[in-house]
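Each remark here refers to the structure printed beneath this line.
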Amino acid sequence: YPELSKLEIHNLISYVERDLLLKYILNMDLDIEIEIYGYGWGSDEDFLPHYKGVLEYGEQISEKYNSAKYALVIGGYILQQRTLEAAASGAIPLVFEAAEGAELAERDLYRDSLLFFKKPDDLRNLLRDDRTVDLDYLVDRNSYERFVGRILSSVRSHLQSTG
């Protein structure tokens with residue numbers, strides 16, 4: 001058998017944690033409809049009642065987020081694609097707070113833009129609390145325009161230091 005790298009082991013553990021966390025949440029009777037989309041979810045009978053298939057990138061994903069009040073983000077880090085897609089479409093990201101190291105600074109930066117939970121049972125209170133969040137701050141701070149600006153700034157800085 002090939003030897004697994006630390007990163008590969010970390011990724012495997014993250015997927016197992018995510019799946020177990022989602023199974024726990026699905027069994028909590030939160031009185032909210034939970035839909036699951038994507039590849040592989042339909043092969044587990046615990047997920048099957050909530051599994052709605054695979055969405056195409058772009059319009060289909062955006063339509064789902066536009067129709068949702070919340071989006072569950074349990075992938076192990078804060079600023080993943082799901083977080084930004086949901087926020088850009090107006091769905092409030094419910095983010096599992098597994099933050100460590102550099103992620104702690106992101107958590108604090110986005111404290112008013114996301115709803116964080118440390119334990120699945122915290123979701124009950126989050127869903128009852130009709131707190132508003134500042135999705136615009138999160139989306140604006142992570143826009144393509146800002147990303148391009150950071151790249152250009154980095155390239156200019158590198159050219160000036162080597163030039």
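Count residues from 1 along the sequence. Note that the structure is predicted; figures quoted are calculated from it, not measured.
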Item to complete: Please name the residue in the list Leu109, Asp112, Asn142 that meets the side-chain contact (heavy atoms from CB on, under 4.5 Å) test with Tyr137.
Response: Leu109
Worksheet item: Which heavy-atom pair separates Leu135 from Ala91 by the least distance, and what is that distance?
Response: CD1-O, 3.9 Å
Response to the item:
Joining Ile, Leu, Val, Met, Phe, Trp and Tyr whenever any side-chain heavy atoms lie under 4.5 Å apart, the cluster holding Leu20 also takes in Val16
Discussion item. Under a 3.5 Å distance rule, please check whether His50 uses its side chain to pair with a backbone N or O of Ile34 as donor and acceptor.
Written reply: yes
Worksheet item: Looking only at atom types and distance, does a side-chain atom of Ser161 sit under 3.5 Å from a main-chain N or O of His158, one as donor and one as acceptor?
Response: yes
Worksheet entry | Under the side chain to side chain contact (heavy atoms under 4.5 Å, CB included) test, residues paired with Val139 that sit two or more places apart | Ala87, Ala88
Practice prompt. Take Leu94 and Val73, measure what side-chain contact (heavy atoms from CB on, under 4.5 Å) needs, and give me the verdict at the end.
Written response: CA-CA 6 Å; Leu94 299 169; Val73 181; over 6 Å; no
Fill in: Closest heavy-atom pair and its distance - Ala71, Ala86
CB-CB, 3.5 Å
Discussion item. Under a 3.5 Å threshold, yes or no: a donor from one side chain and an acceptor from the other, between Tyr15 and Glu17?
Written reply: no
Worksheet item: Once you round to the nearest 0.5 Å, how far does CZ of Arg131 lie from CG of Leu115?
Response: 5.0 Å
Discussion item. Has Ser62 got a side-chain atom pairing as donor or acceptor with Gly58's backbone, closer than 3.5 angstrom?
Written reply: no
Worksheet item: Rounded to the nearest 0.5 Å, what separation is found between the OG atom of Ser89 and the CD atom of Glu63?
Response: 10.0 Å
Discussion item. What's the separation between atom CD1 in Ile9 and atom CG in Leu4, rounded to the nearest 0.5 Å?
Written reply: 5.0 Å
Fill in: Heavy-atom side-chain proximity of Asp121 to Tyr24 below 4.5 angstrom
yes
Worksheet item: Are Leu22 and Leu126 linked, directly or through other ILVMFWY residues, by side chains that come within less than 4.5 angstrom of each other?
Response: yes
Practice prompt. For His10, enumerate each residue passing the side chain to side chain contact (heavy atoms under 4.5 Å, CB included) test, keeping only those at least two apart in sequence or located in another chain.
Written response: Ser14
Response to the item:
The side-chain hydrogen bond (donor to acceptor under 3.5 Å, both in side chains) partners of Gln81 (sequence neighbours excluded) come to Glu85
Discussion item. Restricting to non-hydrogen atoms, name the atom on Pro120 and the atom on Leu21 that form the minimum distance, rounded to 0.1 Å.
Written reply: CG-CD1, 3.3 Å
Worksheet item: Who are the salt bridge (charged side-chain N to carboxylate O under 4.0 Å, His left out) partners of Asp31, not counting sequence neighbours?
Response: none
Worksheet entry | ILVMFWY cluster, Ile74 and Val133 together (side-chain gap under 4.5 Å) | yes
Response to the item:
Applied to residues 137-146, the salt bridge (Lys or Arg N to Asp or Glu O under 4.0 Å) test, sequence neighbours excluded, yields none
Discussion item. Going by the rule side-chain hydrogen bond (donor to acceptor under 3.5 Å, both in side chains), which residues pair with Asp134 if we only count those two or more places apart in sequence or in a different chain?
Written reply: none
Discussion item. The test is side-chain contact (heavy atoms from CB on, under 4.5 Å); show your working for Ile92 and Thr132 and say whether it passes.
Written reply: CA-CA 9 Å; Ile92 300 168; Thr132 58; over 6 Å; no
Discussion item. Run the ring pair (Phe, Tyr, Trp, His ring centres under 6.0 Å) test against Phe47 and tell me which residues pass, sequence neighbours left out.
Written reply: Trp41
Discussion item. According to a hydrophobic-cluster definition based on side-chain heavy atoms being under 4.5 Å apart (Ile, Leu, Val, Met, Phe, Trp, Tyr only), do Ile32 and Ile25 belong together?
Written reply: yes
Worksheet item: Please, which pairs that meet ring pair (Phe, Tyr, Trp, His ring centres under 6.0 Å) have at least one residue in residues 63-94, sequence neighbours excluded?
Response: none
Worksheet entry | side-chain contact (heavy atoms from CB on, under 4.5 Å) assessment of Tyr110 paired with Leu79 | CA-CA 10 Å; Tyr110 299 116; Leu79 284 185; 3.6 Å; yes
Fill in: Residue pairs fulfilling salt bridge (Lys or Arg N to Asp or Glu O under 4.0 Å) with at least one residue in residues 42-54, sequence neighbours excluded
Lys23-Asp44, Lys23-Asp46
Worksheet item: Given the rule that I, L, V, M, F, W and Y join up when any side-chain heavy atoms are under 4.5 Å apart, are Val54 and Tyr37 in one cluster?
Response: no
Discussion item. Same cluster or not: Leu55 versus Leu84, using hydrophobic residues (I, L, V, M, F, W, Y) connected whenever any side-chain heavy atoms lie under 4.5 Å apart?
Written reply: no
Worksheet item: Between atom CG of Leu127 and atom NZ of Lys69, what is the distance when rounded to the nearest 0.5 Å?
Response: 8.5 Å
Worksheet item: Is the backbone of Ser5 close enough, under 3.5 Å, to the side chain of Glu8 for a donor and an acceptor to pair up by distance?
Response: yes
Worksheet item: If you look at every heavy atom in Ile78 and Thr83, which pair is closest and at what distance?
Response: O-OG1, 2.6 Å
Item to complete: Could you tell me which non-hydrogen atom of Arg82 sits nearest to which non-hydrogen atom of Leu72, and how far apart they are?
Response: CD-O, 3.1 Å
Worksheet item: Judged by atom type as modelled, is there a donor-acceptor pair below 3.5 Å linking the side chain of Tyr51 to the main-chain atoms of Gly38?
Response: yes
Discussion item. To the nearest 0.5 Å, what is the distance between CZ on Arg107 and CZ on Phe116?
Written reply: 7.5 Å
Item to complete: Just jot down the side chain to side chain contact (heavy atoms under 4.5 Å, CB included) partners of Val155, sequence neighbours excluded, or say none.
Response: Ile151, Leu159
Discussion item. So, taking the atom named CG in Leu123 and the one named NZ in Lys118, what distance separates them when rounded to the nearest 0.5 Å?
Written reply: 14.0 Å
Item to complete: Only counting residues at least two apart or in another chain, list the ones meeting side chain to side chain contact (heavy atoms under 4.5 Å, CB included) with Lys119.
Response: Asp122
